[in-house]
Structure formats: C-alpha cells, structure tokens
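Worksheet: the structure to be examined is printed underneath.
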There are 2 protein chains.
Amino acid sequence: MEASDLFKCIADTQRLRILNLLEAGPLCVCHLQEILDVSQVKMSKQLSIMKQMALVESHREGTWMIYSIKEPIHGLIQNNLNYLREADCSECNQLQEDLLKRGKLILRITDNQEDCPSSICQQIDCC
Amino acid sequence: MEASDLFKCIADTQRLRILNLLEAGPLCVCHLQEILDVSQVKMSKQLSIMKQMALVESHREGTWMIYSIKEPIHGLIQNNLNYLREADCSECNQLQEDLLKRGKLILRITDNQEDCPSSICQQIDCC
DNA sequence: TTAAAATATACCATTGACAGTATATACCAA
DNA sequence: TTGGTATATACTGTCAATGGTATATTTTAA
C-alpha cells in the first residue's frame, strides 16, 4: 500500500468522511448513507473501493452489511484524521459534525427501538 | 484551500517529492529535474500547479527560476512530510534518497565551481 | 542582432475517476 | 414461493488529470 494510494483515497471528501465515522465505530451502509446524504450506489462503491484497499472490512447481519475500520488502522490515515479533527477548515468542521450526527443517530435507533444491528448498538448497550 | 485539494496534490508522487525537497531549501527547475529524473515540461507543469495553489513560489535569477516553499508551509503538508520521513515505505525511502541526492548536488555545484544560483548556494556559503 | 540556455505554455491524445440507471444478489418474513 | 429490504455490480457516458510534441518567452552572452 503506497502512500500515494492512501492520499488519493482521502482526497475524496466522502471517503475521508466515511473513514472518520468508521474510526469512531462500525456502521451499516444505510446509516452511512443517511449521515453523508448520498445515494446508495455511490456509498456502496466508495465502500467497495476502500474494502479492496483493505482499509475497511464488512460483515453481514441479516440484510445489513456492517462496515468497520480494518485494524490496525493505517498510520497515515490515523495521522491525518487526528490532524484534521484538530484543525479548522470547512472539511474539518464537517468531520466534527458527522461525529455529532453519528451520536444522534445511535441514540435515535436506541430510543425508538428501531431495528438495530447488534454490533452497532452493543456499543451503547442497547438492542 | 481545502484539505482534499492538498491531498490530491500530494497524492502525486512527484509533487510530494518536490515539496519534500523544497522544504529543505530552494532549488531551481533544472536541479529538481535532475533529482527526480523527469522531463522539463512535466517538471514545469507540476511546479505551475503548486504555484497556483500557493504552495510554492518562484523568483528569477538570470535564466534560472528558483522555486521555494511559500511560507508558512501548510500544516497538513508539513504534518505529512514529517510523518513520511519517519515512516518506512518505498515512497518514504525515496524522500530520504532525494534529500541525500540534494545534498550531493549542492556539494557538486560548489566544488566544481559550476554556475550556481546564489540563493541556493548561499545556504552553504559558496558562490 | 543573433544564438543559446532555461523555463513556460499551447495543443492534442489517452487514460482514469466518477456519476447515474438499471439490474442482480442475499436475506428475511409472511 | 413471493415480496420487500438492503446491498452490490454491470454498463455507459462524461469530465478531469496526465503525458508528449511543438513552440513561445525571457535572459544572457557573443
């Protein structure tokens, strides 16, 4: 895995946002879609790209596919996520917003007793 | 200047190598060409791209164009250069090799009394 | 004023990333 | 076994990045 491939990957704002979210915990495709407000096809493709690069991995739970960071997270990715979360720029702010949205989303699927992939909700002792 | 633009920039190995070299000190186009072993046209284009992004700047000395990092260097660039110089990957090793080549090149143009852009050679009290 | 060196730009062809539509697959519940 | 939900893939058109050739520009020296 060359550094240039990793840079190319996170040069796409959506992929960067996905990695930022997954680094906080696993999510299924539809919830990623909801947070990033992006079409199903596009999300699926982005995840597929990063899966091929071995940056993320997935497992099935019923009809859901749960994506998570493939451990250990690559140092260059971690380094840049850390940097951008501290920095002040429009994309950096978006990463923070996404994490807030993620928090709300997890609360919502807990509270409303919505169907909830256990590997996501078990993070907060629900489901 | 969005983070994604910066990532796109350093996702190109040549541009990354150029920034790595310039961060160590100014160089003229022909010396960058020599170290990276790349055509004149291509080098000129890469520099032009980064000049437009305000990552580098240039000034003329005779027929030479001397390029240098535009201060202050962007934190994201600095951060990644620091990371890659410490890391171990083929591209990381290349960055180190380039810096060695740069050192030898500066010694050579000093020793051989070659024509030497003063803003480069004054770094080592020559010319 | 002409020639040579260093650099930049214009032009063109090729390639690769990306977005969208349609369709396929996998799983579940009735 | 049928329909619905979630997800993936195939196909296609479009646009941007890239690399090469030729040429222009700037400066210096003869």
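Proteins get letters first, then strands, A, B, ... in listed order; numbering begins at 1 in each.
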**Prompt:** Could you walk me through whether A:Gln14 and A:Val38 pass the side chain to side chain contact (heavy atoms under 4.5 Å, CB included) check?
**Reply:** CA-CA 9 Å; A:Gln14 284 177 1; A:Val38 71; 3.5 Å; yes
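- A distance-only check finds a donor-acceptor pair linking the side chain of A:Asn20 to the backbone of A:Leu95 [under 3.5 Å].
- Taking the nucleotide of DNA chain C with the nearest heavy atom to each of A:Arg60 and A:Asp12, the more 5' of the two is matched to A:Asp12.
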List, with names and distances, any nitrogen or oxygen atoms from the protein found under 3.5 Å away from nitrogen or oxygen atoms belonging to nucleotides 28-30 of chain C.
none

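- What separates CD of A:Gln40 from P of C:dA19 is a distance of 14 Å, to the nearest Å.
- A distance-only check finds no donor-acceptor pair linking the side chain of A:Glu91 to the backbone of B:Glu2 [under 3.5 Å].
- Nearest heavy-atom pair, B:Ala11 versus A:Ser4, reported as atom, atom and distance to 0.1 Å: O-CB, 3.2 Å.
- Within the 4.5 Å cutoff, side-chain heavy atoms of A:Glu23 are placed close to those of A:Arg85.
- One can place CG of A:Leu47 at 11 Å from C1' of D:dA8, the figure rounded to the nearest angstrom.
- Atom C1' of nucleotide D:dA6 and atom NZ of A:Lys45 are separated by 17 Å, given to the nearest angstrom.
- Put simply, CE on A:Met43 is 16 Å from C1' on C:dG20, counting in whole angstrom units.
- Between the CE atom of B:Met65 and the P atom of D:dT25 there is a distance of 16 Å, given to the nearest Å.
- Distance check: B:Ile10 CD1 to A:Lys8 NZ gives 12.5 Å after rounding to the nearest 0.5 Å.
- When rounded to the nearest whole Å, the span between CG of B:Leu36 and P of D:dG19 equals 12 Å.
- Without hydrogens or angle criteria, B:Tyr67 side chain to B:Val29 main chain gives no donor-acceptor distance under 3.5 Å.
- Summarising the geometry, the separation between NZ on B:Lys8 and P on C:dA17 is reported as 13 Å, rounded to the nearest angstrom.
- Taking only side-chain nitrogens and oxygens, B:Tyr67 never comes nearer than 4.0 Å to OP1 or OP2 of C:dA6.
- Nearest to the side-chain atoms of B:Ile49 among the listed nucleotides D:dA8, C:dA10, D:dT18 stands D:dT18.
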Contact list (N/O, under 3.5 angstrom) for nucleotides 12-16 of chain C vs protein:
none

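- Note that CG of A:Leu107 and CZ of A:Arg102 are 10.0 Å apart. Values are rounded to the nearest 0.5 Å.
- We find that A:Arg108 and A:Glu34 are joined by a salt bridge, their nearest charged nitrogen and carboxylate oxygen being less than 4.0 Å apart.
- As rounded to whole Å, 13 Å separates atom P of C:dT21 from atom NZ of A:Lys42.
- At a cut-off of 3.5 Å, with distance as the only test, no side-chain donor of A:Ser39 or A:Gln33 sits close to an acceptor on the other residue.
- Side chain of A:Arg15, nearest nucleotide from D:dG20, C:dT7, C:dC18: C:dC18.
- Between the axis at the start and the axis at the end of the helix from C:dT1-D:dA30 to C:dA30-D:dT1 there is an angle of 10°, using five pairs per end and rounding to 10 degrees.
- Residues A:His59 and A:Glu61 have side chains that bring a donor and an acceptor to within less than 3.5 angstrom of each other.
- For the pair A:Leu21/A:Leu36, a side-chain contact is recorded, criterion being any heavy-atom separation below 4.5 Å from C-beta on.
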